[in-house]
Amino acid sequence: MTRIVHSRSELAAARAAMTGTVAVVPTMGALHDGHRANIRRAREAADAVIVTVFVNPLQFRPGEDLDRYPRTLEADAAVCEEEGVDLVFAPSEREMYPEGRDGLTTVHAGPGGDILEGASRPGFFTGVLTVVAKLFALTRPDLACFGEKDFQQLAMVRRMVRDLDMGVEILSVPTDREADGLARSSRNVYLSDIERAAALAIPHALRAAQDSTDPLAAAEKVLDAEPGLEVDYIAVRSPELGPAPEQGPARLLIAARAGTTRLIDNAPVSIGASMIGDPDA
Ligand code: PAF
């Protein structure tokens, strides 16, 4: 049975009673099938699984969707129960930041945190890495699972764990998609039917990119043809998010707004060769 705790003292006691390897799945709640995939990966890899549910104010800028971000703890607990999660840690803001956010010691990402999401949302990765570091310190996991949908976040967390010698193994989980290809996201609930139809241009653009020797141009063509989407960025980078290679494996990343909802997605591509027919595509 899944136990839900809200305080760090209850968490510490429950964690001390765990035996074997422990995996953590950090989330902001509003759990969907993408989170289920992360939890299942954690279950396969560890003896015990902790899911954290915390809408982290530190990673939202003024004017972003902190207030309207879905908070559905009861439903999240039911998902965790179905997936055989051992422990849910759902702290309040005060429990996570007992001394407040002013003057807080934070984890600053290296230059990789200033591009793409970091350029569009300054301070975002400081918020993410700080809370993830704190969640690791509180849950003391052997491993942690993160989805590939937030590809840059995954890369930044991996880098932090290496740079700060955190000793947590990071497992990545492929992006879970709805039947029509839209990447699952807690923010999809904001989309009207018209916005959702426009948002489909994002997976279509990724697919076109994988089918092309010039992934960027192919994806841009699809996005340009969709007036209902406002593209924030579209970029090709190396698989580690360095500069794009002249040829070979790369990653295409897209951020775009449908109405007021900002969506991100990404896929592996190959520069100079189509990926269609590639079983890993
Ligand atoms: O991906 C998310 O849901 C959040 O960025 C995370 C990793 C839970 C940190 O708040």
Side-chain angles (χ1 to χ4, degrees), residues 8 11 23-39 41-42 49-61 64-73 75-76 79-80 83 85 87-97 101 104 106-109 112-113 116-118 120-139 141 143-161 164 166 168-176 183-190 241 253 255 261-266:
R8 47 178 72 214
L11 169 65
V24 68
V25 181
T27 81
M28 297 207 297
L31 301 184
H32 50 66
D33 285 358
H35 295 109
R36 283 185 194 263
N38 293 359
I39 294 170
R41 183 75 188 90
V49 176
I50 304 174
V51 170
T52 66
V53 175
F54 178 61
V55 182
N56 174 34
L58 216 58
Q59 66 190 74
F60 290 79
R61 282 166 59 77
E64 289 189 345
D65 57 343
L66 174 62
D67 292 339
R68 71 165 178 157
Y69 199 88
R71 286 159 173 87
T72 58
L73 186 57
D76 295 343
V79 169
C80 289
E83 296 299 333
V85 169
L87 187 69
V88 172
F89 177 49
S92 63
E93 181 179 343
R94 197 177 174 80
E95 197 67 28
M96 278 308 283
Y97 301 113
R101 287 188 267 142
L104 187 72
T106 55
V107 179
H108 179 71
L116 305 169
E117 284 303 285
S120 294
R121 306 174 71 190
F124 173 68
F125 285 113
T126 298
V128 170
L129 295 184
T130 301
V131 81
V132 170
K134 284 171 69 69
L135 291 170
F136 284 178
L138 291 167
T139 60
L143 40 102
C145 296
F146 290 85
E148 284 181 7
K149 188 183 83 71
D150 298 297
F151 196 76
Q152 190 180 7
Q153 169 173 280
L154 172 65
M156 301 312 302
V157 169
R158 280 192 200 284
R159 183 71 199 256
M160 171 181 76
V161 165
L164 301 184
M166 290 180 159
V168 178
E169 186 184 348
I170 305 300
L171 302 182
S172 64
V173 182
T175 302
D176 196 67
R184 287 194 203 273
S185 162
S186 303
R187 291 186 166 101
N188 289 355
V189 297
Y190 302 152
L241 297 185
L253 302 102
T261 305
R262 191 168 177 282
L263 300 167
I264 60 172
D265 202 349
N266 68 88

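Positions are given from 1 along the sequence. What you see below is based on every heavy atom in this structure, not just the backbone, and it leaves out hydrogens, waters and symmetry mates. Start at 1 and go down the list; that is how both ligands and their atoms are numbered.
- Residues passing the side-chain hydrogen bond (donor to acceptor under 3.5 Å, both in side chains) test with Ser120 are Asp232, sequence neighbours excluded.
- Contacts with ligand 1 closer than 4.0 Å are made by no heavy atom of Val157, backbone or side chain.
- Heavy-atom proximity to Pro26, at under 4.0 Å, picks out these atoms of ligand 1: 8 (C).
- At least one donor-acceptor pair under 3.5 Å links the side chain of Thr130 to the backbone N or O of Val107.
- The distance from ligand 1 to the heavy atoms of Val131 drops below 4.0 Å at these ligand atoms: 9 (C), 10 (O).
- Remark: the backbone N or O of Ser172 is not paired with any side-chain donor or acceptor of Glu148 at under 3.5 angstrom.
- The salt bridge (charged side-chain N to carboxylate O under 4.0 Å, His left out) contacts involving residues 126-135 comprise nothing, where partners must be two or more places apart or lie in separate chains.
- Closest protein heavy atom to atom 5 (O) of ligand 1: Gln153 OE1, 2.7 Å.
- Nearest protein heavy-atom contact of atom 9 (C) of ligand 1 is Gln59 OE1, 3.3 Å.
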*Go through Arg262 and Glu64 one step at a time and tell me if the salt bridge (Lys or Arg N to Asp or Glu O under 4.0 Å) criterion holds.*
CA-CA 10 Å; Arg262 191 168 177 282; Glu64 289 189 345; over 6 Å; no
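- Remark: ligand 1 atoms within the under-4.0 Å shell around heavy atoms of Thr27 are 8 (C).
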